[in-house]
Amino acid sequence: MKKIIGITLGDPAGIGPEITLKAFSKSKLYDNCRPLLIGDKSIIEYYLAQHPELNLSINVVKNPEEGKYTHGTIDMIDMGLYTADQIQIGEISALAGKAAYLYVEKVIKLALENKIDATVTNPLNKKAMNLAGYKYAGHTEIYADLTGTEKYTMMLADGNLRVVHISTHVSLREACDLVKKDRIIDVIRIANNACKELGIQKPKIAVAGLNPHAGENGLFGKEEIEEIEPAINVCKSEGIDVYGPEAPDTVFSRANGGMFDIVVAMYHDQGHIPLKVKGFVYSQENNKWKEVKGVNITLGLPIIRVSVDHGTAFDAAGKWIASEVSLENAIDFAIQFAENKKTVEK
């Protein structure tokens with residue numbers, strides 16, 4: 001049976017609804033999975049009324065097994081939180097933030113109950129969510145909290161380039177302090193397992209240094225000697241094929257070329273910048289983004305979570321110009337993880 005992929009609508013005032021409809025309008029989505037939308041019917045009806053050329057209908061279900069999962073029909077769980085006229089497209093609001101959070105809460109519950117095989121999240125806005133009273137830094141922290149997960153990490157991926165992080169949403173000063181042996185060991189192990197779940201039988205893992213030139217043997221810092229190298233040695237003793245500490249200014253291009261299957265980055269921007277230079281393509285001629293690719297995955301959870309690797313783009317919301325490519329990539333990754341998960345566990 002094709003896997004059931006639960007897809008959240010994201011912040012209803014952002015681009016989530018329109019990129020979702022663009023993805024659902026393509027028959028190839030149904031060739032590979034059974035997509036289930038978690039959101040509010042009202043906002044979908046609003047956009048469908050504007051774009052009748054999509055020729056899509058809505059099938060509201062209470063449980064995932066009730067879905068038709070055929071092209072032309074959007075199977076969805078209607079949360080019934082608001083009507084479309086209550087949402088100001090392109091504006092930050094507590095109402096939209098609350099809706100985005102509750103969609104995520106619902107899809108996590110469905111996954112924990114084994115009613116769906118994987119979850120995919122459209123973008124939410126952190127400020128809107130916080131205005132609604134949900135004090136999280138983002139999806140990653142919500143998933144960790146609601147699943148009771150202590151050891152987790154963020155992975156970004158675009159084609160051959162895959163990156164996991166020692167830390168993410170903290171200050172750069174704090175990020176340096178978080179480069180510790182035990183955390184690095186945990187992330188290397190999580191990265192190794194994630195690659196296997198993607199079908200890579202013997203992953204080659206590179207660990208980036210924290211400092212320029214990976215510290216140059218202690219000349220530019222001692223974190224590589226005191227924390228990173230010892231962690232790598234522990235993982236090597238476990239049979240993991242891991243290399244480093246590698247110079248941060250070259251390791252990502254080497255991984256993109258196929259030398260490594262995944263890179264362990266020491267902090268948020270060290271990993272995010274190379275991924276977004278590769279996947280985010282800006283057209284100077286048209287003065288807009290030509291392409292936005294890549295996905296964001298939370299590893300270490302008891303369930304599968306993949307997300308688009310971009311934000312709510314309020315400036316573009318409602319204009320029908322946002323690209324659905326990142327969402328399609330996220331769904332493809334979720335399917336891969338779901339199909340390989342049981343094999344890896346055995």
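Under the side chain to side chain donor-acceptor pair (under 3.5 Å) criterion, T298 pairs with R305, not counting sequence neighbours. With sequence neighbours excluded, the residues that form a side-chain contact (heavy atoms from CB on, under 4.5 Å) with A157 are M155, R162, V295, F333. Residues passing the side-chain contact (heavy atoms from CB on, under 4.5 Å) test with P35 are I7, F24, L29, Y30, C33, Y69, sequence neighbours excluded. Listed by chain and residue number, K222 satisfy the side-chain contact (heavy atoms from CB on, under 4.5 Å) test with E226 (two or more places apart in sequence, or in another chain). Considering only residues two or more places apart in sequence or on other chains, K115 meets the salt bridge (charged side-chain N to carboxylate O under 4.0 Å, His left out) condition with E113. Qualifying salt bridge (charged side-chain N to carboxylate O under 4.0 Å, His left out) partners for K135, counting only residues two or more places apart in sequence or in other chains: none. For K202, the side-chain contact (heavy atoms from CB on, under 4.5 Å) test picks out D241, with sequence neighbours left out. Take K41 and apply the salt bridge (charged side-chain N to carboxylate O under 4.0 Å, His left out) test, not counting sequence neighbours, and it matches E45. Applying the salt bridge (charged side-chain N to carboxylate O under 4.0 Å, His left out) rule to R34 yields no partners; only residues at least two apart in sequence or on another chain are considered.
At a threshold of 4.5 Å between side-chain heavy atoms, the hydrophobic network of Ile, Leu, Val, Met, Phe, Trp and Tyr places M154 and I273 in two separate groups. There is a path of hydrophobic side-chain contacts, each under 4.5 Å, that joins V251 to L275. Criterion: ILVMFWY side-chain heavy atoms under 4.5 Å apart, direct or through other members. Under it, Y152 and I185 are not part of a common hydrophobic cluster. Put simply, I331 and I108 are part of the same group of oily side chains (I, L, V, M, F, W, Y) that touch within less than 4.5 Å, one to the next. Note: the hydrophobic cluster containing L48 also contains Y46 (ILVMFWY, side chain heavy atoms under 4.5 Å, direct or indirect links).
Residues E105 and L102 meet the side-chain proximity criterion, which asks for heavy atoms closer than 4.5 Å. With contacts defined as side-chain heavy-atom distances shorter than 4.5 Å, the pair I228/V207 qualifies. Using a 4.5 Å heavy-atom threshold, the side chains of K98 and L81 count as separate. Side-chain contact between L198 and F337: present, with at least one pair of heavy atoms (C-beta onward) separated by less than 4.5 Å. Two residues are said to be in side-chain contact when any heavy atoms from C-beta on lie closer than 4.5 Å; Y143 and V104 meet this criterion.
Evaluation of the side chain to side chain donor-acceptor pair (under 3.5 Å) test over residues 325-334, restricted to residues two or more places apart or in two chains, returns K26-E328. Counting only residues at least two apart or on different chains, the side chain to side chain donor-acceptor pair (under 3.5 Å) pairs with a member in residues 227-239 are R189-E238. Applying the salt bridge (Lys or Arg N to Asp or Glu O under 4.0 Å) test to residues at least two apart or on different chains, the pairs with a partner in residues 248-258 are E246-R254.
Ring geometry for H213 versus F220: interplanar angle over 60°, hence perpendicular rather than tilted (30 to 60°).
Rounding to the nearest 0.5 Å gives a distance of 11.5 Å between CG of N59 and CG of D78. L56 contributes atom CG, which lies 6.0 Å from atom OG of S25 (distance to the nearest 0.5 angstrom). Here CE of M259 is found 8.5 Å from OG of S253. Values are rounded to the nearest 0.5 Å. Atom CG in D309 sits 5.0 Å away from atom CG in L156 (nearest 0.5 Å). Interatomic distance, N55 CG to T73 OG1, rounded to the nearest 0.5 Å: 9.5 Å.
Shown are T8, D40, T121; of these, the side chain to side chain donor-acceptor pair (under 3.5 Å) with Y103 is made only by D40.
Panel note: side chain H165, backbone M266; no donor-acceptor pair is recorded below 3.5 Å. Looking at K278, its side chain does come within 3.5 Å of a backbone N or O of D158 through a donor-acceptor pair. A donor-acceptor pair under 3.5 Å links the side-chain atoms of N340 to the main chain of E197, judged by distance alone. The main-chain N or O of G138 is found under 3.5 Å from a side-chain atom of E141 such that the two form a donor-acceptor pair. The closest donor-acceptor contact from the side chain of E224 to the backbone of N211 lies under 3.5 Å. A donor-acceptor pair is defined here as one N or O able to donate and one able to accept, closer than 3.5 Å; no such pair exists between the side chain of E18 and the backbone of I15. A donor-acceptor pair under 3.5 Å is absent between the side-chain atoms of N160 and the main chain of G257, judged by distance alone. The backbone N or O of H268 sits less than 3.5 Å from a side-chain atom of H272, completing a donor-acceptor pair. Side chain of N63 to main chain of E65: no donor-acceptor pair is present (N/O by atom type, distance under 3.5 Å, no hydrogens or angles).
Open room surrounds CG on N217; 12 or fewer heavy atoms of other groups in view lie less than 6.0 Å from it. Counting non-hydrogen atoms of neighbouring residues, nucleotides and ligands closer than 6.0 angstrom, the CD atom of E53 exceeds 12 such neighbours. Around atom CG of D85, more than 12 heavy atoms belonging to other residues, nucleotides or ligands sit under 6.0 Å away. Counting non-hydrogen atoms of other residues, nucleotides and ligands closer than 6.0 Å to NZ of K2 gives a total above 12.
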| Hey, mind stepping through T20 and I74 against side-chain contact (heavy atoms from CB on, under 4.5 Å) and telling me if it holds? | CA-CA 10 Å; T20 297; I74 300 173; over 6 Å; no
